[in-house]
Amino acid sequence: KINTLTPNEKKVVHTMIELNAQNNSCNITDVVKVSGMSRSTVYKTIKKLTARNIISLDQSISDKRESLIKFL
């Protein structure tokens, strides 16, 4: 599926892989910080990846304002 992703989608996925390797978890705020992309671009891209059933969002237990991102 990686060949069908847009450049922004690839960047978000790559950032998620990098963050998961470091922390075993990944949230939207971390993706924004590490990727260097704007918050709105990351949110739009995550929405697209969710619609394509590549990732899912779960509310963080420790911070209800944050969403954790997981690969499906």
For residues 41-48, tabulate all N or O donor-acceptor pairs below 3.5 Å that involve a side-chain atom, not counting sequence neighbours.
from: Thr41; atom 1: OG1; to: Ser38; atom 2: OG; distance (Å): 2.8
from: Tyr43; atom 1: OH; to: Arg39; atom 2: NH2; distance (Å): 3.3
from: Thr45; atom 1: OG1; to: Thr41; atom 2: O; distance (Å): 2.7

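- Judged as a side chain to side chain contact (heavy atoms under 4.5 Å, CB included), and not counting sequence neighbours, the contacts of Leu72 are Asn53, Ser56.
- A donor and an acceptor atom, one from each side chain of Arg65 and Ser60, are nowhere located under 3.5 Å apart.
- Looking only at distances, no side-chain donor or acceptor of Gln59 sits under 3.5 Å from a matching main-chain atom of Ser67.
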Return a table of donor-acceptor pairs under 3.5 angstrom between the side chains of residues 11-23 and protein atoms on other chains or two or more places apart.
from: Lys11; atom 1: NZ; to: Ser35; atom 2: O; distance (Å): 3.2
from: Thr15; atom 1: OG1; to: Lys11; atom 2: O; distance (Å): 2.8
from: Asn20; atom 1: ND2; to: Met16; atom 2: O; distance (Å): 3.2

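- Interatomic distance, OG1 of Thr4 versus CD of Glu9, reported as 7.5 Å (0.5 Å rounding).
- Residues satisfying the side chain to side chain donor-acceptor pair (under 3.5 Å) criterion with Glu66, sequence neighbours excluded, are Thr29.
- Remark: Lys10 engages no residue in a salt bridge (Lys or Arg N to Asp or Glu O under 4.0 Å) (not counting sequence neighbours).
- Residue Ile55 holds its CD1 atom at 5.5 Å from CD1 of Ile69, rounded to the nearest 0.5 Å.
- Asn27 places none of its side-chain heavy atoms less than 4.5 Å from the side chain of Asp63.
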Practice item. Quick one: do Cys26 and Leu68 satisfy side chain to side chain contact (heavy atoms under 4.5 Å, CB included)? Show the steps, please. Key: CA-CA 6 Å; Cys26 179; Leu68 301 176; over 6 Å; no
